[in-house]
Amino acid sequence: MRILSKSFWLQVSAPKAFYPVAGKLIPWFTAIAIILTLVGLYMGFFVAPTDFQQGESYRIIFIHVPAAWMSMLIYVLMACYAAIGLIWNTRLSSMMATALAPTGAMFTFIALWTGAFWGKPTWGAYWVWDARLTSELILLFLYFGFISLQAAIDDPQRASRASALLALVGLVNVPIIYFSVKWWNTLHQGSSLNLDKGSSMEATMLWAMLIMTFAFWAYTIVAALLRVRAVILERERHSEWVGELLGVGK
Amino acid sequence: MRRRAEVLTVVFFFVIVVSLFPLGVGPEIETLRLIAPGVIWVAALLASMLSLDRLFSADYVDGTLEQMLIAAQPLSVLVLSKILAHWVVSGLPLVLVSPVLGMQLGMDVESIGVLVVSLAIGTPVLSLIGAVGAGLTLGVRGGGVLLSLLVLPLYIPVLIFGAGAVEAVQSGMEYGAHVSLLAAFLITALLLAPWGAATALKISLD
Amino acid sequence: MRRRAEVLTVVFFFVIVVSLFPLGVGPEIETLRLIAPGVIWVAALLASMLSLDRLFSADYVDGTLEQMLIAAQPLSVLVLSKILAHWVVSGLPLVLVSPVLGMQLGMDVESIGVLVVSLAIGTPVLSLIGAVGAGLTLGVRGGGVLLSLLVLPLYIPVLIFGAGAVEAVQSGMEYGAHVSLLAAFLITALLLAPWGAATALKISLD
Amino acid sequence: MLEAADLQCVRGDRVLFDHVSFSVQSGELLHVRGANGSGKTTMLRMVCGLVSPSSGEIRWRGQSARGLGDEFHKELLYLGHQAGIKAELTALENLKFSSAVGGHALDTQTAVAALRQMGLKGREDLPSKVLSQGQQRRVALARLLVSKAPLWILDEPFTALDVKAVAMLQDVLAEHVVGGGIALITTHQDFTLNRGALRALQLGA
Amino acid sequence: MLEAADLQCVRGDRVLFDHVSFSVQSGELLHVRGANGSGKTTMLRMVCGLVSPSSGEIRWRGQSARGLGDEFHKELLYLGHQAGIKAELTALENLKFSSAVGGHALDTQTAVAALRQMGLKGREDLPSKVLSQGQQRRVALARLLVSKAPLWILDEPFTALDVKAVAMLQDVLAEHVVGGGIALITTHQDFTLNRGALRALQLGA
Ligand code: HEM
Ligand SMILES: Nc1ncnc2c1ncn2[C@@H]1O[C@H](COP(=O)(O)OP(=O)(O)OP(=O)(O)O)[C@@H](O)[C@H]1O
Ligand SMILES: Nc1ncnc2c1ncn2[C@@H]1O[C@H](COP(=O)(O)OP(=O)(O)OP(=O)(O)O)[C@@H](O)[C@H]1O
Ligand SMILES: [Mg+2]
Ligand SMILES: [Mg+2]
């Protein structure tokens with residue numbers, strides 16, 4: 001039950017301690033990511049039935065939806081880490097926020113791109129100024145803002161605190177994305193997964209989507225860990241332990 | 001006296017922006033009426049942004065900001081007063097001239113009414129949100145544009161509902177929802193933004 | 001390196017600004033096509049103005065300007081290089097992304113071509129004219145605002161002919177006249193503006 | 001009355017100062033000394049609460065200054081390298097504005113009197129940007145004459161002042177200290193206090 | 001070599017100074033003295049050609065400085081109250097930039113050497129805004145070490161410098177003067193030149 005004790009977390013959340021832990025975790029999640037992706041794609045593209053109105057093009061959904069979900073989820077996660085870093089100024093959580101941003105931006109872009117790609121056959125246009133599409137686009141800009149603000153400030157401490165505040169402010173956009181389909185009469189189709197009245201779609205499709213989502217999750221974790229390790233080295237480069245690690249005698 | 005000059009420019013700016021569109025669109029009053037709300041609202045956004053990077057920078061350079069941080073009254077109050085001043089020169093003028101611009105673009109009386117209301121509620125939100133951005137980008141490389149990069153996305157919801165309200169009434173639909181959402185934004189912004197901006201300033205001065 | 005980051009930010013800025021209009025005006029592509037020239041030219045005006053008051057003011061405050069005045073090389077040359085730098089961060093990016101923006105707003109290939117040309121000729125004029133204004137309003141009470149009061153009227157002709165050219169080709173009319181007029185503006189500005197700005201600076205530093 | 005307990009300041013990747021502790025009682029002036037870049041300004045800003053120490057804390061009348069917040073700020077007057085003078089405002093406007101920001105409004109004749117005492121007679125209504133360096137500095141220092149704050153924190157108050165002004169400022173400081181006030185100052189010029197207790201804190205090796 | 005003939009300066013509605021004449025030969029340093037606001041800065045800027053005298057003229061090597069224009073500027077180095085340091089540039093970039101503006105580009109190692117000599121070792125690549133007041137001042141003064149201009153005009157060069165830096169700057173000035181250069185400086189601190197001829201010009205009553 002060490003996991004539950006506070007001291008344990010304090011230890012682990014010290015960059016020095018976390019660095020090797022992250023190193024150990026990476027291979028596992030890499031494996032998970034690869035396996036789930038393969039399974040998910042197989043189910044999505046071979047097991048799941050052809051859609052009776054959209055034909056094969058609908059299969060984009062297996063990339064699009066998980067990507068879209070991740071884009072929002074990662075932003076929330078990033079904002080939480082940033083907030084923790086801002087309030088209790090714990091160095092590691094700020095670093096995690098920094099490490100998550102690019103992955104989030106990537107998934108946002110994928111959601112936009114696959115969506116646009118999908119839009120052509122279904123709506124006859126790559127892009128329409130529809131509430132959901134727009135708010136997703138804003139999400140991309142928010143990621144860009146977060147990244148460029150951090151890049152623009154020299155002092156890492158200040159940089160992470162400033163961008164944390166920005167991330168928190170930008171949080172308002174996420175519910176807008178999610179509920180846009182409810183609030184406006186959008187071209188984009190509404191949520192077909194709701195907790196109250198089950199799901200409206202084929203079971204295999206649903207499973208394929210969920211599996212892809214978990215695959216993306218695993219990928220996110222891997223990417224974040226890899227990046228956070230780099231960030232740790234970069235920011236702690238003057239501490240002894242990094243010195244020893246890199247074999248630079250102090 | 002200085003204020004009056006500033007207000008004048010902003011008004012001037014609006015007139016130019018708004019009169020640029022008939023140029024592209026040509027005189028068809030139909031199209032003009034169609035795009036009027038959007039154009040005016042975008043003008044509002046841009047005007048708010050134009051003056052944003054001057055919100056704190058002068059005080060930052062000459063050390064007044066330090067004095068504000070260690071002043072006896074809470075920083076957020078001082079910040080709020082600065083935000084108010086910003087709105088008075090960037091937002092209020094538009095609210096006042098918008099009826100004229102609306103007519104120029106061939107809007108009917110009712111829509112103009114809604115336009116004015118939406119602007120009156122919406123533009124303060126712009127100044128409030130903007131202040132946070134201004135605080136964050138203080139003394140940062142490439143400040144002005146970075147600022148707009150941060151702020152514009154957050155402006156967009158305001159724009160959507162503001163212009164949306166007017167378009168709704170123009171197409172004879174229900175606009176109450178839009179306006180009340182704007183009001184909700186305003187209240188939230190009023191509660192959070194001054195505090196946010198104050199925090200941002202503290203961060204940038206540390 | 002820092003320049004590159006700055007240019008990138010400006011590009012984002014344009015993409016956002018232009019994305020604002022469809023949000024306000026509504027997604028109907030043919031309306032968008034109509035207002036596209038106006039939209040993009042307004043964006044150009046903004047970007048130029050946004051960065052204008054920072055053209056000399058920093059150098060003025062930190063004393064670099066004095067150094068330029070007593071430098072061995074002629075002031076107008078230094079000024080011209082500053083103007084060029086201003087255009088590189090405010091005008092050039094727009095010229096580069098304008099095709100994308102044009103497509104975003106559903107313009108056809110030919111009009112996009114004209115758009116790019118008009119911007120390439122027109123935006124330097126904005127920077128050149130702006131420099132004179134910036135020099136004159138240096139360290140003047142309420143500077144930034146007075147600056148736009150001086151500069152905006154001079155910008156208008158550029159905007160009219162710039163947007164005009166595109167709108168002409170869109171409506172299948174002759175656009176050569178507009179473009180050659182823009183070119184005339186550019187040449188005149190190139191000849192007069194650096195000298196004018198230099199003089200303005202000397203005056204405001206005495 | 002004012003205590004600093006084991007302050008540490010980290011800037012970028014260098015430790016600027018560490019284990020700095022001092023306490024100043026009312027009636028004392030603390031002269032913070034040290035070479036360029038030794039951290040004097042940072043230290044003073046830390047005492048004001050503008051910079052948060054990476055460890056240690058500031059105590060005022062026994063309580064944590066950060067905790068006291070505006071209670072502490074009420075009793076504090078800080079003048080930094082940047083005098084906070086607005087170029088386009090006149091000397092008079094500047095003095096009124098700065099003390100308004102500081103928290104207490106000034107009536108015109110008090111302000112004018114203070115400016116006269118700083119030797120700015122006839123310059124009250126000139127825009128500050130035409131004033132000489134020293135005159136601008138004097139406008140900023142005029143706040144000392146109208147302030148009731150017991151704790152003065154002055155960063156390089158003597159720069160740009162001519163000999164007469166330096167002498168008069170030293171008197172003002174002495175008055176303040178003798179009257180039960182506290183002052184923290186930095187200066188590179190050698191500095192004596194003709195009345196009141198002068199103490200020194202050396203920063204850096 | 002440098003002559004000022006019967007200079008007069010009117011500012012607003014007051015005559016700042018009148019009938020000021022002096023001539024400085026190479027190997028001499030002129031210390032312009034006077035109370036705050038007596039017109040020292042204005043005088044120096046007048047000699048540079050930044051302010052045009054309401055009457056009288058400046059001559060350099062016998063010819064009117066205004067007439068010489070850039071010929072004169074080539075031989076001139078002016079450092080004003082405002083050091084001309086850009087907050088976002090590093091110390092190194094600042095030195096290179098300022099001397100590039102001045103007219104001659106610097107290669108990196110010369111610049112670095114100069115900064116080191118000014119005691120900024122290890123600070124070369126920090127953005128100047130994080131540097132201390134004195135360090136920023138040193139960055140500006142580093143130009144003296146790399147300049148070949150015979151005429152130096154320095155307005156309050158000693159402000160914000162610590163004792164060591166003041167001493168070293170005095171040496172640099174002495175070197176320059178002894179080497180046949182000319183210097184005009186203002187300072188409120190009492191100032192001695194251990195070599196070379198020191199002359200004084202008193203402004204104001
Ligand atoms: C660039 C264009 C698009 C963007 C930015 C976009 C964005 C999103 C987002 C953010 C979600 C997740 C929100 C949620 O879970 O409710 C989503 C889900 C979805 N999108 Fe898109 N989308 C785009 C285009 C399309 C197109 C063209 C289609 C097909 C007609 C489509 C079909 C779906 C479906 C079926 C879902 C799952 C809804 C659910 O089950 O909850 N999307 N999209
Ligand atoms: N980000 C950073 N990285 C490295 N060093 C830094 C950073 N920020 C500040 N410093 C150092 O911190 C010090 C700040 O010192 P401070 O301004 O307090 O000096 P000071 O004692 O006031 O000097 P002066 O007498 O010149 O005013 C400088 O030496 C500066 O180089
Ligand atoms: N427009 C004006 N009207 C009246 N007086 C003016 C005007 N412009 C400048 N002055 C006066 O001219 C003087 C400028 O002096 P200058 O800056 O040269 O002084 P200084 O000798 O450098 O002083 P310091 O020792 O403080 O640097 C000031 O006394 C200022 O009041
Ligand atoms: Mg200092
Ligand atoms: Mg002076």
Side-chain angles (χ1 to χ4, degrees), chain B residues 1-10 51 53-86 88-89 131 134-141 143 194-206, chain D residues 9-11 41-42 44-54 58 60 65-66 68-89 93-95 97-105 127-129 136-137 139-140 143 147-149 151-153 155-156:
Chain B
M1 142 57 212
R2 193 181 327 158
R3 280 252 172 290
R4 212 164 65 246
E6 271 180 55
V7 172
L8 230 161
T9 343
V10 177
S51 40
D53 63 340
R54 253 180 268 106
L55 182 55
F56 297 121
S57 55
D59 291 346
Y60 175 67
V61 172
D62 67 21
T64 308
L65 214 48
E66 281 185 342
Q67 293 297 335
M68 290 185 172
L69 257 71
I70 60 170
Q73 59 261 54
L75 181 58
S76 49
V77 174
L78 291 167
V79 169
L80 189 58
S81 65
K82 283 195 78 67
I83 295 176
L84 189 68
H86 176 263
V88 168
V89 290
L136 282 174
T137 54
L138 207 55
V140 167
R141 281 191 243 103
W195 170 84
T199 320
L201 289 177
K202 288 206 185 90
I203 291 172
S204 345
L205 257 79
D206 190 334
Chain D
C9 174
V10 179
R11 276 276 177 251
T41 298
T42 315
L44 294 192
R45 299 185 75 238
M46 202 176 264
V47 174
C48 297
L50 288 168
V51 177
S52 37
S54 28
I58 310 286
W60 173 249
R66 184 166 294 280
L68 284 170
D70 287 346
E71 286 305 305
F72 175 55
H73 291 149
K74 260 201 207 63
E75 310 197 78
L76 169 69
L77 177 79
Y78 169 70
L79 292 182
H81 280 296
Q82 282 302 340
I85 295 299
K86 298 213 162 295
E88 72 276 13
L89 298 185
E93 289 169 335
N94 263 307
L95 179 54
F97 174 76
S98 55
S99 46
V101 169
H104 62 290
S128 305
K129 69 162 176 289
Q136 292 184 15
R137 203 65 204 166
V139 175
R143 272 190 70 193
S147 116
K148 283 161 216 62
L151 175 58
W152 287 0
I153 297 186
D155 197 352
E156 305 277 350

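None of these values were measured; they are calculated from a predicted model. Each chain gets a letter, A, B and so on, in the order the sequences are listed, and its residues count up from 1.
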Heavy-atom distance under 4.5 Å to chain B: side chain of D:Phe72, backbone, both or neither?
neither
Residue selection (most heavy-atom pairs with chain D, distance under 4.5 Å) from B:Ala71, B:Ala72, B:Pro74
B:Ala72
Can you tell me which portion of D:Ile85 sits under 4.5 Å from chain B's heavy atoms? Options are side chain, backbone, both or neither.
backbone
Would you mind checking which part of D:Ala100 comes under 4.5 Å of any heavy atom in chain B, side chain (CB onward), backbone (N, CA, C, O), both or neither?
backbone
Any chance the side chains of D:His104 and D:Ser99 put a donor and an acceptor closer than 3.5 Å?
no
Ionic contact status for D:Arg45 with D:Asp155, cut-off 4.0 Å:
no
If I take atom CG from residue B:Leu136 and atom CG from residue B:Leu201, how far apart are they, to the nearest 0.5 angstrom?
8.5 Å
When you measure from the side chain of B:Gln67 to the backbone of D:Tyr78, do you find a donor-acceptor pair of N or O atoms at a distance under 3.5 Å?
yes
